[in-house]
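Note sheet for the following structure.
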Amino acid sequence: MRIATAIANSNIAIIKYWGNRNDELVLPLNNSLSFTMDDRLQTKTTVLFDEEFTEDELWINDEKASEEERTRVSDFLEIIREKAKIKLKSKVFSENSFPKGAGLASSASAFAALAGASTKALGLNLSNKELSLFARFGSGSASRSLFGGAVEWNKGEKQDGSDCYSEQIIPKEKLSNLRNIIAIVERKEKKIGSRKGMKISVETSKLLPKRVEGVEKRLNIAKDAIINFNFQKLAPVIMEDSDSMHQVMQDSSPSLVYLNPTSHRIINSIKELNSQNKEYLGAYTFDAGPNAHIYTLDKNSKEIISVLKEIEGVQEIIECSMGDGIRFSESHLM
Ligand code: PMV
């Protein structure tokens with residue numbers, strides 16, 4: 001029996017990944033930058049390979065996963081099997097710490113944990129950098145979840161994708177004052193997943209090339225602000241990049257609208273709070289969905305939470321600190 005268990009946390013990008021230059025190899029158009037969340041947004045995954053299994057099986061939170069989810073995992077494991085030169089099928093057991101049905105994306109933590117557990121079970125002993133090269137095939141953002149703290153995913157230059165890996169910019173210990181206040185505003189799964197959505201944008205959005213040009217400048221400002229821990233420099237760039245990605249989404253055909261009226265109310269409230277205080281108390285960012293992530297400093301998190309609580313449509317608030325990269329466990333799920 002070949003078995004291993006890995007734990008990985010989700011990450012929320014401040015410079016977003018939206019669009020590939022090569023879909024098959026999942027090579028992005030631009031570098032992206034994220035913070036890895038603490039254990040509140042975590043996936044634990046056990047992978048078991050055995051000669052007796054005739055097909056891959058997937059269980060999520062003790063329930064048999066849908067055929068769509070199973071196929072996505074099985075396609076990913078095919079890449080790992082090829083690397084290991086092994087044909088064995090698997091049973092995969094996965095558990096999320098997220099509040100169930102909170103509408104929080106779990107693909108980043110899920111595929112980072114799956115990459116770690118499956119390769120370890122097959123005796124591949126890869127470094128985190130090597131794992132990040134594999135994880136992106138499951139979900140681009142998963143490449144960043146191998147590391148804790150602030151993480152950059154390099155788009156790379158090579159055609160074969162061998163330089164398209166992630167690396168840590170700053171460990172979580174240097175980010176102990178940073179918080180992500182998550183406002184859950186919708187619990188449903190998104191209609192168009194990110195992989196499909198970004199492909200539509202690459203094919204149809206005229207704004208996307210302009211966004212990609214702007215990313216590099218924002219990325220440098222953001223990295224500098226993180227290294228020097230300057231929230232006043234970081235906050236405007238976070239909001240600009242989220243706005244820019246959502247403009248590209250809307251500019252696509254069909255138009256991709258992921259934000260809802262509550263998301264817009266949150267954007268306006270954060271802008272108002274910042275302008276009233278004449279400094280940045282919070283910086284909003286949204287992935288391919290309406291739930292808000294407000295980066296803030298711990299001294300201001302109470303105020304951000306009290307503002308969010310007053311907004312019509314906000315269903316739940318989760319406060320996250322910055323967290324760790326992948327780790328392995330001997331306590332297997334089965
Ligand atoms: O990891 P994917 O393939 O689901 O794409 C993630 C895209 C965004 O969440 C919208 C942005 C990002 O960089 O995480």
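The shown structure was predicted, so the numbers you read here are calculated from the model rather than taken from an experiment. We number each residue from 1, following the sequence as shown. Whatever order the structure lists ligands and atoms in, that order sets their numbers, starting from 1.
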Query raised in the report: Just by distance, do the side chain of N9 and the backbone of S109 share a donor-acceptor pair under 3.5 Å?
Result: no
Query raised in the report: Taking only residues two or more places apart in sequence, or in another chain, which ones meet E68 in a salt bridge (charged side-chain N to carboxylate O under 4.0 Å, His left out)?
Result: none
Report task. Could I get the full list of salt bridge (charged side-chain N to carboxylate O under 4.0 Å, His left out) partners for K199, not counting sequence neighbours? Result ->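 K199: salt bridge (charged side-chain N to carboxylate O under 4.0 Å, His left out) contacts with D23, E203.
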Requested in this report: Start with the C-alpha distance between L27 and N20, add both sets of side-chain angles, then the distance that settles side-chain contact (heavy atoms from CB on, under 4.5 Å), and finish with yes or no.
Outcome: CA-CA 5 Å; L27 304 179; N20 289 325; 5.9 Å; no
Query raised in the report: Does a side-chain N-to-carboxylate-O contact under 4.0 Å join R218 and D243?
Result: no
Query raised in the report: Which pairs, with at least one residue in residues 45-57 and sequence neighbours excluded, count as a side chain to side chain donor-acceptor pair (under 3.5 Å)?
Result: T5-T46, T45-S94, D56-S74, D56-R81, D56-S90, E57-W59
Report summary line: Residues with a heavy atom under 4.0 Å from ligand 1, by chain and number, are A13, K16, Y17, W18, S107, S139, G140, S141, R144, S194, M198, M245, D287, A288
